[in-house]
Amino acid sequence: MITQAPKGTKDIFGSEIPVWQNIESKMRELCKNYGIDEIRTPIFEHTELFLRSVGDTTDIVQKEMYTFNDKGNRSITLRPESTAGVARAYIEHGMHNNAQPTKLFYIAPTFRYENTQAGRQRQFHQFGVEMFGSYSAALDAEAISVAHELIKSLGIKSVELRINSLGNNESRAVYNKTLREFLGKNISSLCPECRERYEKNPLRVLDCKVEKCKTIIDGAPSVLDCLGEECKNHFEMLKKILTEMGIEYVVDPMIVRGLDYYTRTVFEFVTSTIGAQGTVCGGGRYDNLVEQCGGQSTGAVGFGLGMERLIMTLEAQNGKEEFKPFRHLYLGSIGETGFIKAQAITYNLRRKGIKAECDTVGRSVKAQMKYANKIGAMYSAIIGDDEAANNKISLKNMETGETNEISIDDIYEKLLEII
RNA sequence: GUGGGUAUGGCGCAGUUGGUUAGCGCGCCAGAUUGUGGCUCUGGAGGCCGUGGGUUCGAAUCCCACUAUCCACCCCA
C-alpha cells in the first residue's frame, strides 16, 4: 500500500526525464519569442475561485475536484485547471497596470478526481498560456499559433485544429433559446442526462454520445447561425488571420468545452492516435472571467495543453526517443591512495564543469570497468600507487579501446578537448 | 459513478485436468590466477504467486469480496 503511488498518479523518472525536459525547454524557448512570461501559481486555491470561474454546474466542479478543509477550516481545492489561478493572480497583482496585453505561461501539475484510462490520470501536467488585455481576434490567433507552432516544431503530424465560436452573452442567450425550442420538440427522445442538460445548459446536449441524442443533434441549429454581428465579425477575423498565417483549421460547431467561462472562440487540437482521450490541447476566449473573479472587464484568451497526451501523441508517431548520456569520464582506482585521489580529482573535474564518475563502492578494477561501460562513459582511467607516484594515468577511449598516457595535472585540459 | 480484460522476483513472461523445496529470459552482484569494460562460461542474491476470506487432505492454479492496473462510457488535458 505505502509502496504504491496513489491511483491515477505516476512517477516520472529515468528515461522519461529527458523527454520531458526536451519538450519543456522547447516550450520555454517558444514562449520567449512570443513575449510570454512564466508564472507559477499555487497548486491549491480557495474552492470558491473554481466555483465562480469554472462554473458550478460543470462536471469538473461537481464531481472531479480534490476539495478539503485545511486546519484553519478554509475550503481548499487542488487546482483542476490553471486559468482560474492565473486570472486571480492577474487581478491580485494589478497586472492590468502593466503594458497590455499581459501574456503568461505555466507548466503545472493539475488534479482531477476521475477514473483513469488511456491519456487520463488524476494528477497530470498542463502547459498553458493565458493572454489578458485585448478583445481582438488577433489575440485568439496568437494563442492558437503558440500551440500550433509547439506541436508542429515537435514534428507531430496527426493533430488537427478545430475551432468554433460560442458567441458572447447576447449571442449565447439567443442560441440557448433557439436550441431549447428545437430540443423541446424532441425532449421525450433525449437521454435522461440530456433532459437535465436541457434545463441547465442546453449547449452540453450537443456533446452527448448517446445514439438517440446524436441523431436528434444532427438536425440541431448551429451556434454559428445565432451569432450576433460583432461575434460573427470576430470569428471571421480569426479565420482570416489563421489562414494568412498558414495555420490549417476545421470549423466544428459541435465543440462546446466543459468549462463555463468560455465566450466566443473555442478551439481544440485533436488526435486519434492515443485512444479515446484525443484532445491534446483545448482553449478559448474568456472575456467574462476576470470580471467574474472581481477584476475589471478584461478580454482574455488561453489554452491548456496536456503534457502526457502530447508525449503520447509524439511517441505514437515516432516511438520512444533515445537520448544518449553525456560524454564523460570514469575514473577508477585501486588501493587506498588511488581511491582517495580519485575522489578528489573527480570532485575537481566536476567543479570545472566536466561530467565525471569514480568508484564509491570499493569494487574490483574489473567491476569498475564494467560499471564504466554500463553508464556509457566515453573515457576511463585507473589510478593506483604507480600512477599516483608518477603523476600519470592512461586515458582509455571506451569505444576504440585506444589508450593515451597523460599527466594527471593535464587531465582537465585534455578532457576539455575531447569530451 | 458504470462496464469488460488483467494481477507470479526490478522488467518481460511460463506455470499443464489443484499435488512435494514456484521456473525461464533480461537486469543486478560476484568469479573465470593476482590492476581494466563490451562476447562467452560459472555461481549468487531477490517472490508469503495483488490483499482478505472460502472450498479441499492439499491452491499460483477453483469460488467470493476488496484493491490496483489496462481499456471503454461519462467528461476533459
Side-chain angles (χ1 to χ4, degrees), chain A residues 1 3-10 14-15 54 57-65 79-83 107-128 147 159 191-194 197 204 207-211 213 255-259 266-271 274-283 302-313 330-335 338-339 359 361 363-387 393-401 403:
Chain A
M1 192 65 180
T3 53
Q4 187 164 38
K7 184 181 175 75
T9 66
K10 275 180 101 177
S15 63
V54 175
T57 65
T58 60
D59 275 16
I60 292 179
V61 168
Q62 285 193 333
K63 41 189 200 189
E64 296 174 4
M65 297 208 300
R79 62 173 168 230
E81 60 101 49
S82 295
T83 304
I107 300 171
T110 309
F111 308 85
R112 295 209 297 234
Y113 188 85
E114 292 195 86
N115 251 342
T116 56
Q117 73 183 80
R120 194 163 73 185
Q121 299 165 206
R122 289 186 173 177
Q123 179 178 170
F124 60 100
H125 298 78
Q126 281 191 335
F127 163 68
V159 172
C191 71
E193 283 178 60
C194 278
R197 290 178 179 130
R204 288 268 150 63
D207 237 14
C208 190
K209 305 294 189 296
V210 177
E211 277 309 319
C213 300
I255 294 180
V256 168
R257 313 254 68 226
L259 296 87
V266 289
F267 60 90
E268 292 180 352
F269 286 84
V270 185
T271 181
I274 57 171
Q277 308 303 316
T279 305
V280 173
C281 172
F303 65 80
L305 182 150
M307 293 291 291
E308 285 85 354
R309 288 186 189 177
L310 184 69
I311 291 170
M312 285 170 78
T313 309
Y330 180 82
L331 183 59
S333 58
I334 181 156
F339 186 75
D359 177 45
V361 179
R363 283 194 259 240
S364 69
V365 172
K366 195 187 184 90
Q368 290 184 54
M369 290 304 291
K370 254 186 172 169
Y371 175 77
N373 185 246
K374 225 168 278 174
I375 63 174
M378 190 82 194
Y379 285 86
S380 72
I382 301 289
I383 178 165
D385 289 345
D386 291 352
E387 287 82 359
I393 56 168
S394 77
L395 204 59
K396 179 173 185 174
N397 181 319
M398 295 294 280
E399 258 171 40
T400 64
T403 57

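Just so you know, these numbers use all the heavy atoms, side chains as well, and skip hydrogens, waters and symmetry mates. By convention in this document, chain letters (A, B, ...) are assigned in the order of the sequence lines, proteins followed by strands, and residues within each chain are numbered from 1. Keep in mind it's a predicted model, so treat the numbers as computed, not measured.
For A:R309, the side-chain atoms get nearest to B:rA77 when compared with the rest of B:rA77, B:rU36, B:rC74. Looking at the side chain of A:I382, the nearest of the listed nucleotides B:rU36, B:rA72, B:rA77 is B:rU36.
Note on A:A118: only backbone sugar-phosphate atoms sit closer than 4.0 angstrom, heavy atoms only; bases stay farther off. At the heavy-atom level, A:G335 lies nowhere under 4.0 Å from the strands shown. Within the nucleic acid shown, A:E399 comes within 4.0 Å of at least one base atom, counting heavy atoms only. Residue contacts for A:R120: at a heavy-atom cut-off of 4.0 Å it reaches a base atom on one of the strands shown. Residue-level contact check: A:G275 touches the backbone only, with heavy atoms under 4.0 Å from sugar-phosphate atoms and none from bases. Residue A:E268 is out of contact with every strand shown, counting any heavy-atom pair closer than 4.0 Å.
Spacing between atom CD of A:E387 and atom C1' of B:rG35 amounts to 8 Å, rounded to whole angstrom units. The interatomic distance linking A:E81 (CD) with B:rA77 (P) rounds to 8 Å, in whole Å. Straight-line distance from the OH atom of A:Y379 to the C1' atom of B:rG37: 16 Å, rounded to whole Å. The separation between A:D385 atom CG and B:rU34 atom P is 18 Å, rounded to whole Å.
Contact annotation: the side chain of A:Y113 approaches that of A:R122 to within less than 4.5 Å [non-hydrogen atoms, C-beta and beyond].
Residues passing the side-chain hydrogen bond (donor to acceptor under 3.5 Å, both in side chains) test with A:E81 are A:T83, A:Y261, sequence neighbours excluded. The side chain to side chain contact (heavy atoms under 4.5 Å, CB included) search around A:E399 returns A:M378, A:N397, not counting sequence neighbours. Judged as a ring pair (Phe, Tyr, Trp, His ring centres under 6.0 Å), and not counting sequence neighbours, the contacts of A:Y330 are A:Y371.
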Distance-only criterion, 3.5 Å: show the donor-acceptor pairs between side-chain atoms of residues 306-313 of chain A and protein atoms not counting sequence neighbours.
| from | atom 1 | to | atom 2 | distance (Å) |
| --- | --- | --- | --- | --- |
| A:E308 | OE1 | A:H125 | N | 2.9 |
| A:E308 | OE2 | A:H125 | N | 3.3 |
| A:E308 | OE2 | A:H125 | ND1 | 2.8 |
| A:R309 | NE | A:G119 | O | 2.7 |
| A:R309 | NH1 | A:T279 | O | 2.8 |
| A:R309 | NH2 | A:G119 | O | 3.0 |
| A:T313 | OG1 | A:R309 | O | 2.6 |

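The phosphate of B:rU67 (OP1 or OP2) has no side-chain N or O of A:K7 nearer than 4.0 angstrom.
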**OP:** For RNA chain B, just give me the dot-bracket, please: Watson-Crick or G-U, both distances below 3.5 Å, ( ) intra-strand, [ ] crossing earlier pairs, | paired with another strand, . unpaired.
**Re:** (((((((..((((.....[...)))).(((((.......))))).....(((((..]....))))))))))))....
Original post:
How does protein contact run along nucleotides 25-31 of chain B, one letter per nucleotide 5' to 3', with B for base contact, S for sugar-phosphate only, - for none, heavy atoms under 4.0 Å?
Top reply: ---SSS-
